[in-house]
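Here is the structure we will look at.
Residue indices begin at 1 and follow the sequence shown.
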Amino acid sequence: MTDVLHQFTAEDEARHPAGPDPWWQESIAIHWFDPAAGAGGMHRIGHEPGQHGGEIAHQHGAFDRTQRWRHNVRSPMAGQRSEAWFGDVEATWSAESGTPRLRVDTPDCELDLAVENLYPLTDFFPRGNASLTDEFAAHHYESSGRIRGTARVGATTYDIDGFCHRDHSWGVRKWNGALAVHRWVSGVIGPDLAFGSIVWLGPDGSFSRGGYVVEDGAVRVADSADVVTWLEADGLTHRGGELVLTFGDVDRRFVCTALDGWLNVHHDVAWVDELCTVEHEGRTGYCDFEISNNARMGSAPVHVSLRAADTNGLTAR
């Protein structure tokens with residue numbers, strides 16, 4: 001059975017007119033992994049026209065079997081490549097001719113990756129939590145896909161043929177207080193099976209969680225989602241965890257084991273994206289296990305990051 005959810009069209013791949021609120025933003029995020037190459041990445045490009053005359057926020061990471069690259073910077077929107085698409089000379093996202101495409105061009109990492117969707121652009125987020133839907137992701141969709149192209153990490157170039165998962169959000173995003181704790185676990189087992197979930201604690205104590213699977217193109221929304229994180233001693237990074245999606249009296253368990261990750265810091269929020277392998281019903285896939293832990297809403301600098309890159313540039317794994 002396919003659950004009826006709001007779906008977006010290819011026109012929504014492009015940027016949308018900015019709203020008047022200084023916290024209005026529009027962003028894309030994509031993570032990917034090719035197990036044969038042993039390479040993967042997580043990328044976010046966010047446009048914030050109301051911040052400091054207009055800024056582009058970059059949170060990027062990529063790795064291979066020996067090293068990882070991190071790029072967590074802001075740049076002026078005056079350097080944007082296009083009024084329709086996202087990014088600047090260092091990283092761009094477009095969907096021209098119906099093909100979503102990520103390009104990165106820096107000294108330490110170079111990507112040219114094209115996406116083929118596995119299912120339509122769909123909004124899976126549970127609605128009703130104001131801190132999530134009104135103050136962080138008013139308009140939002142996700143999709144999984146095949147990803148192909150080339151990736152250079154350091155001096156080594158790979159031909160990539162793997163899977164990816166991505167989202168696109170626009171609207172007011174109050175980075176200065178909308179988010180206390182979250183878990184966003186999303187990934188792909190194979191061309192016939194993808195999954196996603198969100199667990200969200202707002203600063204007012206509001207709590208939401210939801211999840212879904214897409215199996216042979218059919219969307220099934222879970223009755224509940226439960227996430228356990230195997231947290232490191234730094235209280236920030238993790239070794240993976242478990243996601244359980246419940247459909248009636250059936251539990252579907254996704255066991256995630258960390259590969260590598262990146263610490264992202266933007267405005268008052270710090271979060272970690274950790275790419276993981278996933279075991280599910282005898283099959284193996286991959287996911288991004290993204291978390292933040294800010295239950296007391298503090299904003300002091302991060303001093304220890306055991307299992308995620310926290311320094312820009314290349315570092316050994």
Spell out, as yes or no, whether a donor-acceptor pair under 3.5 Å connects the side chain of [X] to the backbone of [Y].
| X | Y | value |
| --- | --- | --- |
| Asn72 | Gln59 | no |
| Arg183 | Ser292 | yes |
| Tyr141 | Gln7 | no |
| Asp64 | Gln67 | yes |
| Ser82 | Ala84 | yes |

**OP:** Could you tell me whether the side chains of Glu142 and Trp184 share a donor-acceptor contact shorter than 3.5 Å?
**Re:**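 The criterion, which ignores hydrogens and geometry beyond distance, is satisfied for Trp184 and Glu142.
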
Original post:
Do we see a donor-acceptor contact under 3.5 Å between the side chains of Asp204 and Ser206?
Top reply: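 Yes, Ser206 and Asp204 have a side-chain donor paired with an acceptor closer than 3.5 Å.
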
Nearest 0.5 Å, please: how far is [atom2] in [Y] from [atom1] in [X]?
| X | Y | atom1 | atom2 | result |
| --- | --- | --- | --- | --- |
| Arg65 | Leu259 | CZ | CG | 10.5 Å |
| Ile198 | Tyr212 | CD1 | OH | 10.0 Å |
| Arg146 | Cys164 | CZ | SG | 9.5 Å |
| Leu306 | Thr237 | CG | OG1 | 5.0 Å |
| Arg252 | His280 | CZ | NE2 | 3.5 Å |
| Ile189 | Phe254 | CD1 | CZ | 6.0 Å |

**OP:** Could you walk me through whether Asn293 and Thr229 pass the side chain to side chain contact (heavy atoms under 4.5 Å, CB included) test, one step at a time?
**Re:** CA-CA 11 Å; Asn293 294 300; Thr229 307; over 6 Å; no

Original post:
With respect to Glu26, which candidate in His168, Arg15, His47 satisfies the side-chain hydrogen bond (donor to acceptor under 3.5 Å, both in side chains) definition?
Top reply: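 Among His168, Arg15, His47, the one meeting side-chain hydrogen bond (donor to acceptor under 3.5 Å, both in side chains) with Glu26 is His168.
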
Can you find a heavy atom in the side chain of [X] that is under 4.5 Å from one in the side chain of [Y]?
| X | Y | answer |
| --- | --- | --- |
| Asp273 | Asn264 | yes |
| Asp310 | Val302 | no |
| Glu242 | Trp230 | yes |
| Thr122 | Val214 | no |
| Glu215 | Phe195 | no |
| Leu236 | Val304 | no |
| Arg239 | Glu232 | yes |
| Ser169 | Gln25 | yes |

Original post:
Would Ile291 and Val227 satisfy side chain to side chain contact (heavy atoms under 4.5 Å, CB included), going step by step from the backbone distance to the final call?
Top reply: CA-CA 10 Å; Ile291 74 168; Val227 179; over 6 Å; no

[X] bridged to [Y] by N-O distance under 4.0 Å:
| X | Y | answer |
| --- | --- | --- |
| Glu110 | Arg152 | yes |
| Asp159 | Arg148 | no |
| Glu48 | Arg173 | no |
| Arg209 | Asp226 | yes |
| Arg44 | Glu290 | no |

Original post:
Got a sec, which pairs hit salt bridge (charged side-chain N to carboxylate O under 4.0 Å, His left out) with one end in residues 77-104, sequence neighbours left out?
Top reply: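 Counting only pairs at least two positions apart or across chains, the salt bridge (charged side-chain N to carboxylate O under 4.0 Å, His left out) contacts touching residues 77-104 are Arg101-Asp112.
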
Shortest non-hydrogen contact from [X] to [Y]?
| X | Y | answer |
| --- | --- | --- |
| Ala258 | Gly240 | CB-N, 3.9 Å |
| Glu274 | Gly261 | OE2-N, 3.3 Å |
| Val265 | Ala270 | CG2-CB, 4.2 Å |
| Arg70 | Ala309 | CD-O, 3.2 Å |
| Phe163 | Pro191 | CZ-CD, 3.5 Å |
| Ala95 | Glu13 | CB-CB, 3.7 Å |

**OP:** Give the ring-plane orientation class for His31 versus Tyr286, where under 30° counts as parallel, over 60° as perpendicular and anything between as tilted.
**Re:**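 Ring orientation of His31 relative to Tyr286: perpendicular.
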
Using the rule that Ile, Leu, Val, Met, Phe, Trp and Tyr join whenever any side-chain heavy atoms are under 4.5 Å apart, tell me whether [X] and [Y] fall into a single cluster.
| X | Y | value |
| --- | --- | --- |
| Val188 | Val221 | yes |
| Leu243 | Phe207 | yes |
| Val199 | Val244 | no |
| Trp24 | Trp175 | no |
| Val185 | Val255 | no |

Subject >> Whichever hydrophobic residues join Val153 through chains of side-chain contacts under 4.5 Å >> reply: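 Once heavy-atom contacts under 4.5 Å are chained together, Val153 belongs with Ile28, Ile30, Trp32, Ile45, Ile56, Trp69, Met77, Phe86, Trp93, Leu102, Val104, Leu111, Leu113, Val115, Ile147, Tyr158, Ile160, Leu314.
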
Original post:
More than 12 non-hydrogen atoms from neighbouring residues, nucleotides or ligands closer than 6.0 Å to CD on Glu11, yes or no?
Top reply: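 Not more than 12 within 6.0 Å, no.
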
Original post:
Under 6.0 Å from the CZ atom of Arg283, do we count more than 12 heavy atoms belonging to anything else shown?
Top reply: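 Enclosed.
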
**OP:** I would like to know whether Val89 and Asp105 meet side chain to side chain contact (heavy atoms under 4.5 Å, CB included); could you show each step before the answer?
**Re:** CA-CA 7 Å; Val89 295; Asp105 186 5; over 6 Å; no

**OP:** Run the ring-centre check on His139 versus His6 and record whether the distance is less than 6.0 Å.
**Re:**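 Distance test on ring centres: not under 6.0 Å, no.
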
Original post:
How far apart are the C-alpha atoms of Ser186 and Asp288, what are their side-chain angles, what is the distance that settles it, and do they pass the side chain to side chain donor-acceptor pair (under 3.5 Å) test?
Top reply: CA-CA 6 Å; Ser186 56; Asp288 177 33; 5.3 Å; no

Subject >> Pairing residues for Ser143 by the side chain to side chain donor-acceptor pair (under 3.5 Å) criterion, not counting sequence neighbours >> reply: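 Once residues adjacent in sequence are excluded, Ser143 has no partner under the side chain to side chain donor-acceptor pair (under 3.5 Å) criterion.
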
